[in-house]
Amino acid sequence: MRRGAALRVIVIALLVAAIVTAVAIFIPWLPDQASSEADEIDFVFWFVTAICVGVFAVVAGISIYAGIKFRARPDDDSDGPPVHGHTGLEILWTAIPAVLVTAIAIVSTIALARNDSLPDEHLRVHVIAQQFTWRFEYPDHGELRSATLRLPVGRAAHLTMEARDVIHSFYVPEFRQKRDVVPGEVTNLIITPTKTGDYTIQCAELCGLGHAAMLQKVEVVEQTAFDEWAEGRAEEMEEGGEVSGQAIFAEQGCGGCHTFGPAGSTAEQGPPLDNLPELADRAGEPLDQFIRESIVNPDAYVERGYPNVMPPFDLPDEQLDALVEFLSGGAAEGGDGEL
Ligand code: CUA
């Protein structure tokens with residue numbers, strides 16, 4: 001009788017386990033791996049999933065069996081028999097979770113420690129997060145900066161990350177590595193890309209109205225392509241040649257919040273920059289002066305209907321000049337257009 005019950009519970013549990021395992025395995029829950037750190041993270045993920053499948057199957061097996069076997073008849077209004085605790089069972093269902101949780105802690109600690117070990121040969125990248133954009137600086141390459149994160153394939157990148165306003169979180173699903181970016185401290189992340197291609201950084205911490213739009217591109221390229229790009233950019237900057245307002249706009253991530261036709265940006269967290277002449281009128285200032293002030297000291301004039309979340313931008317003079325020119329030129333064109 002008792003053996004029969006146990007056997008039934010086991011059969012139901014195995015059935016449930018088979019179904020849930022199929023759901024876990026045959027639905028592609030995770031994007032393809034694109035970093036060498038992803039192995040460790042995925043191992044922890046599947047380790048925990050396997051434990052969950054086991055626990056779920058046991059609980060479901062007992063519940064389903066009990067639900068069928070001990071169902072009350074429709075006309076049965078009597079109380080069930082009084083049941084007292086069972087010391088043996090209680091020890092068992094305390095001990096098993098304790099062992100499982102300890103195992104998860106050990107496996108996770110090993111994975112984190114391995115993914116935190118930095119090879120001597122690595123690329124340094126400084127990440128600046130602010131509502132609602134990411135910027136990247138490459139201290140190994142002088143003044144090199146960009147709004148797209150470019151990484152050479154097969155080489156560890158050491159990201160040191162700072163936030164200018166609130167907490168953000170750096171996450172590229174294909175790399176698996178994820179870490180908060182916190183104002184007032186520098187957090188670290190190590191990523192070793194294993195596949196060339198384009199990926200997307202997703203901010204993974206609710207950071208304000210534009211959080212969902214805080215997406216930016218990562219390009220993983222061959223080392224030679226990376227070097228060419230880095231050298232090209234460094235030369236451009238050293239020659240002091242043309243500082244392009246459009247490049248500064250992209251580099252500083254202005255398009256993360258503002259719509260601006262000439263730059264092709266369509267974000268709506270901040271006032272649309274195609275209307276700059278109108279905004280300047282309302283602020284009662286000449287256009288160029290208004291734009292300059294709004295970049296350097298955004299608090300000076302805040303457009304109605306927009307929370308002022310823009311941090312002051314401290315740019316070298318020539319970059320500021322170029323950006324102001326780009327914005328006022330674009331604004332004039334927009335103003336002369338069909339609008
Ligand atoms: Cu930044 Cu969410």
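Each ligand, and each atom within it, is numbered from 1 in the order the structure gives. Scope of the values below: all heavy atoms of this structure, side chains included, with no hydrogens, waters or symmetry mates.
Around atom 2 (Cu) of ligand 1, the protein N, O or S atoms closer than 2.8 Å are Cys203 SG, Glu205 O, Cys207 SG, His211 ND1, listed by chain and residue number.
A ring-ring contact (aromatic ring centres under 6.0 Å, His included) check over residues 274-310, counting only residues at least two apart or in different chains, returns the pairs Phe290-Tyr301.
Between Phe170 and Trp134, the ring planes are perpendicular. Angles over 60° get that label, and only those under 30° would be called parallel. Using cut-offs of 30° and 60° for the angle between ring planes, the His158 and His122 rings count as perpendicular.
Aromatic rings of His258 and Phe249 (six-membered ring for Trp) have centroids beyond the 6.0 Å cut-off, not under it.
Phe260 places a side-chain heavy atom less than 4.5 Å from the side chain of Asp274.
Within a 6.0 Å radius of CG in Asp76, other residues, nucleotides and ligands contribute more than 12 heavy atoms.
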